[in-house]
Amino acid sequence: MRDSPAVIAVIGMGAMGASLAARLVRGGARVVTTLQGRSADTGARAEGAGAQAVAEDAVLQASMLLSVVPPAAALDVASHWSTRIAGASSKPVFVDCNAVSVQTAGRIGQRIEASGARFVDGCIIGMPGRVDEAGPVLYHAGELPRGLEPLSRHGQRAR
């Protein structure tokens, strides 16, 4: 019996976030995002990627949350989601995919872990690309943490 599709949240539907979302959707995952306070262009990228726009509470039903935002926004985004996660019964694995300093990654990790969720420090190497190309690689610190297997299962290279 084939595993059921993973539900993966992608926060940040810029070029890279939309590219990752499209690759995961093409690989059979259900990708959700929130568009609260976002532009029409962001909504169009999410729709083009096949991501489903949902309320923030529904984002927390995902097995993992990938934060793909500009580095300067990464700590604020993590702070926002750590507050949301702390009050939720479901706690997705939070993967910070942003090019941030070691110190910022540490602060993000502290906030996320204080919310009761697991934190994974990651980074994306490569250009957004097309879904029919190999695309970028999502690197993460340490061995493949449990809970991230759906990335590879649904077409995203993760190391």
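For clarity, every value in this text was computed on a predicted model and none was experimentally measured.
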Next item on the list: Measure the shortest side-chain to side-chain distance between Ile11 and Val68 over non-hydrogen atoms and say whether it is less than 4.5 angstrom.
Entry: no

Checklist line | Whether Lys91 side chain and Ile85 backbone form a donor-acceptor pair below 3.5 Å | finding: yes

Item checked: Leu75 and Arg111, any side-chain heavy atoms less than 4.5 Å apart -> yes

Margin query: With heavy-atom distances below 4.5 Å as the criterion, would you say the side chains of Val93 and Leu65 are in contact?
Written below: no

Notebook entry, point to check: Got a donor-acceptor contact below 3.5 angstrom from the Thr104 side chain to the Val100 backbone?
Noted result: no

Note to self: Contact between Ser115 and Thr83 at the side-chain level, heavy atoms closer than 4.5 Å - yes or no?
What the structure shows: no

Margin query: Would the distance check show the side chain of Thr33 and the main-chain N or O of Val10 forming a donor-acceptor pair, the cut-off being under 3.5 Å?
Written below: yes

Notebook entry, point to check: Is it the case that one hydrophobic cluster holds both Met16 and Val69, taking links as side-chain heavy atoms less than 4.5 Å apart, direct or via other members?
Noted result: no

Item checked: Close side-chain approach of Arg38 to Met13, heavy-atom, < 4.5 Å -> no

Check: Say you draw a straight line from CZ of Arg118 to CD of Glu113; how long is it, rounded to the nearest 0.5 Å?
Finding: 10.0 Å

Next item on the list: Check whether Leu60 and Ile108 end up in the same hydrophobic cluster, where Ile, Leu, Val, Met, Phe, Trp and Tyr are linked by side-chain heavy atoms less than 4.5 Å apart.
Entry: yes

Next item on the list: To the nearest 0.5 Å, tell me how far Ser79 OG sits from Arg107 CZ.
Entry: 10.0 Å

Check: Pick one: which of Asp96, Ile124, Val95, Asn98 meets side-chain contact (heavy atoms from CB on, under 4.5 Å) with Leu66?
Finding: Val95

Next item on the list: Could you tell me whether the side chain of Trp81 reaches within less than 4.5 Å of the side chain of Ser67, counting heavy atoms only?
Entry: no

Notebook entry, point to check: Quick one: does Val7's side chain get under 4.5 Å of Gln61's, heavy atoms only?
Noted result: no

Check: Do Gln52 and Arg30 come close enough that some side-chain heavy atom pair is under 4.5 Å?
Finding: yes

